[in-house]
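Here's the structure we're looking at; comments come further down.
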Amino acid sequence: MADAAAPNSLNTEEVVKNYYGKKLNASSDLKTGACTSQPCKYPKFIRDAMSLVHEEVTSKYYGCGPVFPPALKGASVLDLGSGSGQDCYILSKLVGPDGSVTGLDMTDEQLAVANKYIDYHTQLFGYSQPNISFVKGYMEKMEEAGIENNKFDIIVSNCVINLSQDKRAVLKEAYRTLKTGGELYFSDVYADRDLPPEIRNHEELWCECVVGALYWKDLYKLAKEIGFSTPRLVTAGLFSIDDKDYKDFLGEAKFVSATYSLFKLPSEPVPESTVVYNGEIEGYEEQFAFDHGITFKKGEECHVKPELANILTSSRYRTYFSISPGEKGPCKCAKLDKDPFDYCTERGNKKGCC
């Protein structure tokens with residue numbers, strides 16, 4: 001199985017450090033739309049949190065999609081490749097004073113911006129003490145950075161895992177550091193095929209989150225190998241590469257920015273179960289879109305397959321559902337290996353991963 005690795009001739013760690021630490025000064029310096037967040041409609045409480053982030057932090061933000069899963073209050077969150085800290089500061093507001101946020105990044109220049117505004121946001125949010133910290137390290141080697149086993153409720157990442165040459169190592173480390181029932185919720189760039197080595201060797205397009213893209217089907221193989229639940233497509237959006245030289249170089253390959261959700265589940269099986277959503281998740285009081293094909297409506301009795309029953313029973317979502325044995329009501333089912341390119345076509349080729 002291909003792992004979207006760059007050829008040995010390309011030192012991805014050094015070129016990415018240099019690109020994001022020295023070459024880029026603002027998001028407008030990016031050459032493609034892969035690592036630029038597309039226009040999205042966030043719930044109001046998230047938009048409100050976004051508006052509070054300091055402008056210097058925002059100006060140095062590079063991301064392709066939302067990394068704000070539902071039900072964040074009180075959660076412990078790790079952001080892989082946290083950069084200037086924008087997503088971390090938004091998450092800091094969303095988890096509240098009883099939650100915690102850790103940002104992990106390898107780039108000194110980005111970490112300097114992120115650390116500069118800890119006190120600023122702590123005071124702005126009205127917290128008595130910071131609930132956020134930033135750590136220098138590599139997402140393939142989080143143990144070396146002091147990230148403990150079974151520590152986080154949620155791990156997020158925004159257009160960063162594709163920059164790694166060893167995506168298997170990143171996912172293995174994410175699995176290690178998540179609590180049982182924890183969720184890896186991340187946006188990234190995927191290709192509609194396995195790209196050949198001569199394409200993956202393009203330094204600038206690797207740094208722009210394009211040629212390091214994993215073939216989307218390989219994500220499912222990696223997740224199963226490591227022990228995660230089946231990846232669930234949350235949302236996706238196509239993006240185009242307008243530069244003619246880049247387009248000619250990439251040939252027929254197509255790319256999509258997509259958000260996936262994976263869970264670290266208990267080994268004990270859970271049977272099909274009847275569930276009722278109680279409507280108490282902030283911003284999703286009337287209905288809760290769990291993934292691209294499953295939406296729970298407040299008060300609706302329905303049943304779910306064993307893996308989803310296990311997710312709802314073991315994760316932070318358990319407090320928002322009444323769960324009982326049996327198969328009452330309609331089944332909340334969705335195609336688990338949904339092609340993100342088909343998904344985009346079905347919704348009219350809309351851009352963005354929201």
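Source: prediction; values computed, not measured.
Closest approach of Ala236 to Ala258, counting heavy atoms only: CB-CB, 3.8 Å. Closest approach of Leu205 to Phe249, counting heavy atoms only: CD1-CD2, 3.8 Å. A pairwise comparison of heavy atoms in Cys159 and Asp188 identifies CA-OD1, 3.9 Å as the closest pair. Contact record, Thr313 with Arg318: O-CD, 3.3 Å, taken as the closest heavy-atom pair. Looking at every heavy atom in both residues, Ala49 comes nearest to Ile90 through CB-CG2, 4.0 Å. Minimum interatomic distance between Gly96 and Tyr127 (heavy atoms only, all atoms of both residues): CA-OH, 3.4 Å.
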Would Asp337 and Lys335 count as a side chain to side chain contact (heavy atoms under 4.5 Å, CB included) here? Give the steps. CA-CA 6 Å; Asp337 58 345; Lys335 183 176 174 58; 3.0 Å; yes

Side chain to side chain contact (heavy atoms under 4.5 Å, CB included), that's the test. Do Leu219 and Leu171 meet it? Break it down for me. CA-CA 10 Å; Leu219 174 64; Leu171 293 182; 4.2 Å; yes

For Ser187 and Thr259, run side-chain hydrogen bond (donor to acceptor under 3.5 Å, both in side chains): C-alpha distance rounded to whole Å, both residues' side-chain angles, the deciding distance at 0.1 Å, then the answer. CA-CA 4 Å; Ser187 297; Thr259 302; 2.8 Å; yes

Give the intermediate values and the outcome of side chain to side chain contact (heavy atoms under 4.5 Å, CB included) for residues Leu250 and Ile199. CA-CA 7 Å; Leu250 292 167; Ile199 284 183; 3.9 Å; yes

Between Phe186 and Leu262, is a side chain to side chain contact (heavy atoms under 4.5 Å, CB included) present by the stated rule, with each step listed? CA-CA 9 Å; Phe186 67 110; Leu262 293 71; 3.5 Å; yes

Starting from the C-alpha separation in whole Å, work towards a yes-or-no answer on side-chain hydrogen bond (donor to acceptor under 3.5 Å, both in side chains) for Gln86 and Thr58. CA-CA 6 Å; Gln86 174 175 291; Thr58 300; 3.2 Å; yes

Please report the C-alpha distance between Lys244 and Asp248 in whole Å, then the side-chain angles of each, then the deciding distance to 0.1 Å, and finally whether the salt bridge (Lys or Arg N to Asp or Glu O under 4.0 Å) criterion is met. CA-CA 6 Å; Lys244 184 180 184 303; Asp248 291 344; 2.8 Å; yes

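Rounding to the nearest 0.5 angstrom, the gap separating the CG atom in Asn278 from the OG1 atom in Thr319 is 7.5 Å. Between the CD atom of Glu307 and the CG atom of Leu336 there is a distance of 6.5 Å, given to the nearest 0.5 Å. Leu238 contributes atom CG, which lies 6.5 Å from atom OG1 of Thr345 (distance to the nearest 0.5 angstrom). Atom CD1 of Ile46 sits about 5.5 Å away from atom CG of Leu94, to the nearest 0.5 Å.
Between the side chain of Thr177 and the main chain of Ala174, a donor-acceptor pair closer than 3.5 Å is present. Judged purely by atom type and a 3.5 angstrom limit, Ser314 has no side-chain atom pairing as donor or acceptor with the backbone of Leu265. Although no hydrogens or angles enter the test, the distance criterion places no donor-acceptor pair under 3.5 Å between the side chain of Tyr320 and the main chain of Ala71. When atom types are taken as modelled, the side chain of Arg232 and the backbone of Ser261 share no donor-acceptor pair closer than 3.5 angstrom. Listed for the Arg200 side chain is a donor-acceptor partner under 3.5 Å among the backbone atoms of Val211. Proximity of a side-chain donor or acceptor of Ser59 to a complementary backbone N or O of Glu56 within less than 3.5 Å is detected. Put simply, the side chain of Ser82 gets close to the backbone of Leu104: a donor and an acceptor are under 3.5 Å apart. A distance-only check finds no donor-acceptor pair linking the side chain of Glu268 to the backbone of Pro266 [under 3.5 Å]. Under the 3.5 Å distance criterion, the side-chain polar atoms of Arg316 are left unmatched by any main-chain donor or acceptor of Ile154. A donor-acceptor distance shorter than 3.5 angstrom exists from the side chain of Lys264 to the backbone of Leu178, with no hydrogens or angles considered.
Between Phe296 and Phe321, the ring centre distance stays below 6.0 Å. Ring-centre distance between Tyr260 and Tyr190: below the 6.0 Å cut-off. Aromatic ring centres of Tyr89 and His54 lie farther apart than the 6.0 Å criterion allows.
For Ser84 and Gln110, the side-chain atoms include no donor-acceptor pair closer than 3.5 Å. Checking Thr274 against Ser324 by side-chain atom types alone, no donor-acceptor pair falls below 3.5 Å. Defined by atom type and a distance below 3.5 Å, a donor-acceptor pair is present between the side-chain atoms of Asp153 and Ser76. Judged by distance alone, the side chains of Ser92 and Asn131 do bring a donor and an acceptor atom under 3.5 Å apart. Judged purely by distance below 3.5 Å, without hydrogens or angles, the side chains of Ser315 and Glu183 never pair a donor atom with an acceptor atom. Remark: the Lys167 side chain and the Asn162 side chain contain no N/O donor-acceptor pair separated by less than 3.5 Å. A side-chain N or O of Thr107 and one of Asp105 form a donor-acceptor pair less than 3.5 Å apart.
Comment: Lys332 engages Glu300 in a salt bridge, judged by a side-chain N to carboxylate O separation of less than 4.0 angstrom. Under a 4.0 Å N-O distance rule, the pair Asp108/Lys136 qualifies as a salt bridge. Taking 4.0 Å as the cut-off between side-chain N and carboxylate O, Glu140 and Lys172 do not count as a salt-bridged pair. Looking at Glu327 and Lys305, no side-chain N of the basic residue comes within less than 4.0 Å of a carboxylate O on the acidic one, giving no salt bridge. Between Asp245 and Lys247, none of the side-chain N atoms (NZ, or NE/NH1/NH2) sits under 4.0 Å from a carboxylate O, so this pair counts as no salt bridge. Residues Lys338 and Glu346 are paired through a salt bridge, judged by an N-O separation under 4.0 Å between the basic side chain and the carboxylate.
Heavy atoms from other residues, nucleotides or ligands lying under 6.0 Å from NZ of Lys179 number more than 12.
Hydrophobic clustering (ILVMFWY, side-chain heavy atoms < 4.5 Å, transitive): Ile311 and Val270 are in distinct clusters. Put simply, Leu312 and Val276 are part of two different groups of oily side chains (I, L, V, M, F, W, Y) that touch within less than 4.5 Å, one to the next. Under the 4.5 Å side-chain heavy-atom criterion for ILVMFWY residues, a single connected hydrophobic cluster contains both Val170 and Tyr175.
For the pair Lys298 and Tyr277, the NZ or CZ position fails the cation-pi test of under 6.0 Å to the six-membered ring centre and within 45 degrees of the ring normal.
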